[in-house]
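What follows is one structure encoded as structure tokens, with my remarks underneath.
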Number of protein chains: 2
Amino acid sequence: MNKKRLALLEARARILKAMAHPTRLFIMETLSQREACVCKLSEMIGADISTVSKHLTVLKNAGIVLDEKRGSQVFYNLRCPCILDFFDCVETVIKTATEAQIKLARALPASCGGFKKSRL
Amino acid sequence: MNKKRLALLEARARILKAMAHPTRLFIMETLSQREACVCKLSEMIGADISTVSKHLTVLKNAGIVLDEKRGSQVFYNLRCPCILDFFDCVETVIKTATEAQIKLARALPASCGGFKKSRL
DNA sequence: AAAACATTTGGCGAACTGCCCAAAAAACCA
DNA sequence: TGGTTTTTTGGGCAGTTCGCCAAATGTTTT
């Protein structure tokens, strides 16, 4: 693995890592509709404003969102909405992986916490 | 944010988190070409076999790769190669984000470690 | 200038990650 | 059976993440 290739993989990993949190995905989806300020987002999310601000910083540092100060508020928006297209494929993975898990769970004896057929 | 939506976001985040490591991205790219066993992969990566095995476990648990035991070896392959298409967009983010960083760096005074124009 | 509002930053604890090493499992060969 | 190969698992250490709270910063209003 040469240096250049590694640098590219590291750059990709940084983006993915920045996205890899439910709250941050929620923010991205929300911002893909329209820009929003921190307080609006934290109201929707139901977490502390400081927590949401830090999530936004993570997204900003990764170059995923842009911020624009207007008055006392800071409005964020998604730099590249195409980033969400990707989830069509992710959903496929989730679906097939889930089905595999269920199959696995069915195969387990009840004593190991396996699901009963009737519960699925 | 309702329960169902949260569950979906968590599922997406799990996938992204599993992908968010340079070594695991390398594995995914490699497996998109052809299946490979653990020892072959760790030879390519240059890390301890146990480390690579754990990375593969992460990818497997996320449903991203499938494993198949043949003799004493375990061959892994990518469940859903479309998962790599996504990087066209990620690359755009990396590119524009990098450009923004450079612009930022240029704007910094040299005393803060800002780049000189001639160096870019 | 003081009060009110919006946001960011710092700090702390709990939980998680990633790496290496050593040991255990599993399959094969002689 | 004993030895070799391949892979997984467990332990320990250093570093990171995430959430809340408190405090600081910046902006607008009175």
B:E43 CD - D:dT7 P separation (whole Å): 11 Å
Between D:dT7 (P) and B:D48 (CG): distance, integer Å: 13 Å
Residues within residues 33-42 of chain A bordering DNA chain C, heavy-atom distance below 4.0 Å: A:C37, A:V38, A:C39
Interface residues of residues 11-24 of chain A with DNA chain D (non-hydrogen, below 4.0 angstrom): A:K17, A:H21, A:R24
Residues from residues 65-77 of chain B lying under 4.0 Å of DNA chain D - heavy atoms: B:S72, B:Q73, B:V74, B:Y76
Verdict with reasoning, A:L6 to B:F26, per side chain to side chain contact (heavy atoms under 4.5 Å, CB included): CA-CA 8 Å; A:L6 182 61; B:F26 176 86; over 6 Å; no
Sole residue of B:T30, B:V38, B:I27 in side chain to side chain contact (heavy atoms under 4.5 Å, CB included) with B:Y76: B:V38
Worked verdict on B:E29 versus A:R5 for salt bridge (Lys or Arg N to Asp or Glu O under 4.0 Å): CA-CA 11 Å; B:E29 276 197 344; A:R5 175 102 186 269; 2.5 Å; yes
Residues forming a side-chain hydrogen bond (donor to acceptor under 3.5 Å, both in side chains) with A:E43, sequence neighbours excluded: none
Contacts of B:E91 that satisfy side-chain hydrogen bond (donor to acceptor under 3.5 Å, both in side chains) - sequence neighbours left out: A:R12
Side chain proximity check, A:I83 to A:I15, heavy atoms < 4.5 angstrom: yes
B:K17 NZ to A:H21 NE2 distance, which is reported to the nearest 0.5 Å: 8.0 Å
A:M44 vs A:L41 side-chain heavy atoms within contact, under 4.5 Å: yes
Close side-chain approach of A:I64 to A:M19, heavy-atom, < 4.5 Å: yes
Under 3.5 Å: donor-acceptor pair, side chain of B:R24, backbone of B:A18: yes
Check against side chain to side chain contact (heavy atoms under 4.5 Å, CB included), A:L16 and B:L25: CA-CA 10 Å; A:L16 290 170; B:L25 290 176; 3.7 Å; yes
Opening and closing nucleotides of DNA chain C in contact with chain B, under 4.0 Å to non-hydrogen atoms: C:dT17 to C:dC28
D:dG19 OP1/OP2 closer than 4.0 Å to side-chain N/O of A:H55: yes
Side chain to side chain contact (heavy atoms under 4.5 Å, CB included) between A:L8 and B:F87, worked out: CA-CA 11 Å; A:L8 176 63; B:F87 287 109; over 6 Å; no
Short side-chain N/O contact to D:dG19 OP1/OP2 from A:T51, under 4.0 Å: no
DNA chain C: 5'-proximal contact among A:V52 and B:K54 (nearest heavy atom): A:V52
A:S50 or B:S53, whichever maps to the more 5' nucleotide of DNA chain D: B:S53
Pair B:K40 + B:E35, salt bridge at N-O below 4.0 Å: no
